[in-house]
Amino acid sequence: MEEWLANPKISKFDAGGRLVTPGLIDPHTHPIFAGERCEEFDLKAQGRSYLEIHKAGGGIQSTVNATRAASKDQLVDNGSLQFDRLLRWGITTIEAKSGYALTVDGELRLLKVLQQLDGCHAIDVMPSLLGAHTIPLEHKGDRESYIRQIIEQMIPQAAAEKLAQFCDAYCEDGAFSTDEVARIFDAAKKHGLKLRLHAEQFTDQGGSVLAAKMGATSVDHLEAISAESIRALGESETVAVLLPGAALTCKSAMPPASELFAAGIPVALGTDLNPGSSMTASLPLMMSLACMQMGFSCDQAWQAVTRVAAQSLARPDIGHLGKSAIADLAIFDAPDYRYIPYHYGENHCSAVIKRGRVVFG
Ligand SMILES: [Zn+2]
């Protein structure tokens, strides 16, 4: 190990009989924010619902207030901390969203923080503009003016400055309707952004059907997806990204993975790392939840954080160990690939190699 670190030109690396896998890919994170929400976590623990807290002005808006007040350096420092946490679990690529500023300049600022971290941290970032996360407090009486800002300013500027590869939105009661998402996605496509959507987290609003019809790369959450929506999704190329950490925190039922698999839908897993509904960087814990609570086999759980997660990011060069893949590897102190989801809650990752260089361990 030390010899390899001292001389990065050495192309042989002895993993000493440990488990070597493709670097893990987290296809759904919200890592750029300020402030913690311990108090809200405690309220949820005592029975208050996510939507109740959200509608009372808590939830996303409280992180928006803290994030707006933070300096760029504070956001970079906190983002870097989140990236370090992710890397230690064997994660080499993440999708990462803006979404905690909800003004034109603020959202672009968050995307620039992501760009800076992508340049200086070992983890690779696939950035998404999530201006349509929630309607900010100052636009509550006039949501149309905020939606126009997203369509006429945020999307064109983020695309022109190459700050985002994806446009994301939150389609839910209390957030954005399918009609609003359709207008936002039309603008995003026109500016060359690919699409992802937070859909059917608490209620089935038809978001995943709309997103699939519009050619979205992924639809994420799906805890409350109906049988009809699953059928429609099964006829598309769209990947389902499931987020068991959010279901666990919000005390929701787990997404119906078995039905999604049965409909032939490719299924990925993400941490949904965010300060409100899923404060974890552990993708292996999501694999454990998928196996223990959602009917995944260990093989399906591994595919969901490697090959299928890569598919959900339109990245054929990562998530596998073939010749066409870049050398992103995670090394685990484990005798068997099933050991990782089986020994849940523990970190077995002992080294991470990013583009052929040891970056952790
Ligand atoms: Zn999310």
Side-chain angles (χ1 to χ4, degrees), residues 27-28 50-51 54 95 97 99 126 128-135 143-144 147 150-151 155 164-244 246-247 250 252-270 272 277 290 294-296 300 304 308-309 311-314:
H28 189 128
Y50 177 93
L51 282 181
H54 178 78
E95 181 271 358
K97 307 170 197 300
M126 302 287 287
S128 298
L129 169 67
L130 180 57
H133 200 181
T134 186
I135 300 281
R143 54 192 295 125
E144 181 56 26
I147 292 165
I150 297 172
I151 291 173
I155 289 172
Q165 305 207 20
F166 296 95
C167 177
D168 197 342
Y170 186 21
C171 184
E172 185 55 73
D173 179 30
F176 294 85
S177 72
T178 46
D179 287 349
E180 290 164 348
V181 170
R183 288 169 55 208
I184 291 163
F185 276 6
D186 267 333
K189 281 174 85 166
K190 211 172 80 193
H191 288 276
L193 299 181
K194 295 189 277 288
L195 311 175
R196 346 180 48 82
L197 185 67
H198 287 67
E200 341 306 3
Q201 183 179 8
F202 299 105
T203 53
D204 190 323
Q205 302 276 328
S208 52
V209 175
L210 169 84
K213 244 188 234 160
M214 294 187 76
T217 317
S218 78
V219 286
D220 304 34
H221 275 295
L222 310 183
E223 287 91 324
I225 191 169
S226 67
E228 200 188 327
S229 295
I230 291 174
R231 261 196 306 280
L233 197 53
E235 287 161 15
S236 76
E237 301 286 301
T238 305
V239 175
V241 176
L242 306 185
L243 310 165
C250 298
S252 307
M254 289 289 163
S258 305
E259 284 90 332
L260 296 169
F261 280 122
I265 298 163
V267 178
L269 286 167
D272 195 15
S277 60
M294 297 160 71
F296 280 57
Q300 285 170 329
V308 187
Q311 187 184 340
S312 88
L313 297 175

*Asks:* Main chain of Ala246, side chain of Asp272: is a donor-acceptor contact present, judged purely on distance under 3.5 Å?
*Replies:* no
*Asks:* Donor-acceptor check, side chain of Ser312 to backbone of Ser218, threshold 3.5 angstrom: yes or no?
*Replies:*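 Pair absent, no side-chain N/O of Ser312 close to backbone of Ser218.
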*Asks:* Does any N or O in the side chain of Glu200 come within less than 3.5 Å of the main-chain N or O of Gly207, such that one atom is a donor and the other an acceptor?
*Replies:*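 At least one qualifying donor-acceptor pair exists.
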*Asks:* Within the 4.5 Å heavy-atom criterion, are Val267 and Val308 side-chain neighbours or not?
*Replies:*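 They are not in side-chain contact.
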*Asks:* Is any side-chain heavy atom of Ile135 less than 4.5 Å from a side-chain heavy atom of Phe176?
*Replies:* yes
*Asks:* Look up atom CD in Gln300 and atom OG in Ser258, then write down how far apart they are to the nearest 0.5 Å.
*Replies:*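 The CD atom of Gln300 sits 8.0 Å away from the OG atom of Ser258.
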*Asks:* Closest heavy-atom contact between Ala257 and Met294?
*Replies:* CB-O, 3.4 Å
*Asks:* Which heavy-atom pair separates Lys194 from Ala314 by the least distance, and what is that distance?
*Replies:*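 Nearest pair, atom of Lys194 first, then Ala314: CE-CB, 4.0 Å.
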*Asks:* side-chain hydrogen bond (donor to acceptor under 3.5 Å, both in side chains) for Thr203 and Asp173? Distances and angles first, verdict last.
*Replies:* CA-CA 7 Å; Thr203 53; Asp173 179 30; 5.7 Å; no
*Asks:* On a heavy-atom basis, which atom in Leu197 and which in Ala211 lie closest, and how many Å separate them?
*Replies:* CD2-CB, 3.9 Å
*Asks:* I'd like to know if the side chain of Glu95 and the backbone of Ser128 have a donor-acceptor N/O pair within less than 3.5 Å.
*Replies:*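 No, because the side chain of Glu95 does not come within donor-acceptor range (under 3.5 Å) of the backbone of Ser128.
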*Asks:* If you take all heavy atoms of Cys167 and Ile155, which pair is closest and at what distance?
*Replies:*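 Nearest heavy atoms, Cys167 then Ile155: SG-CD1, 4.1 Å.
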*Asks:* Restricting to non-hydrogen atoms, name the atom on Ala240 and the atom on Leu260 that form the minimum distance, rounded to 0.1 Å.
*Replies:*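 Shortest heavy-atom separation between Ala240 and Leu260 comes out as CB-CD1, 4.3 Å.
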*Asks:* Do Leu313 and Thr217 touch side chain to side chain, with heavy atoms closer than 4.5 Å?
*Replies:* no
*Asks:* If you measure from CD1 on Ile184 to NZ on Lys189, what distance do you get to the nearest 0.5 Å?
*Replies:*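 Separation between the atoms: 14.5 Å.
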*Asks:* Rounded to the nearest 0.5 Å, how far does CD of Glu144 lie from CD1 of Ile151?
*Replies:* 7.0 Å
*Asks:* Keeping Arg143 on the side-chain end and Ala175 on the backbone end, is there a donor-acceptor pair under 3.5 Å?
*Replies:* yes
*Asks:* Between Asp220 and Pro27, which heavy-atom pair has the shortest distance, and what is it?
*Replies:*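 Nearest pair, atom of Asp220 first, then Pro27: OD2-O, 4.1 Å.
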*Asks:* To the nearest 0.5 Å, what is the distance between CE (Met254) and CG (Leu222)?
*Replies:*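 Result: 13.5 Å between the selected atoms.
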*Asks:* Should the pair His28 and His198 be assigned to parallel (<30°), tilted (30 to 60°) or perpendicular (>60°) ring geometry?
*Replies:*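 Answer is perpendicular, since the angle exceeds 60°.
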*Asks:* Under 4.5 Å between any side-chain heavy atoms of Glu259 and Ile265, yes or no?
*Replies:* no
*Asks:* Find the distance between OH (Tyr170) and CD (Gln205) and round it off to the nearest 0.5 Å.
*Replies:* 10.0 Å
*Asks:* Once you round to the nearest 0.5 Å, how far does CZ of Phe261 lie from CD1 of Ile230?
*Replies:* 12.0 Å
*Asks:* Taking the side chain as every heavy atom from C-beta outward, state whether Ile225 and Pro256 have any pair of such atoms under 4.5 Å apart.
*Replies:* yes
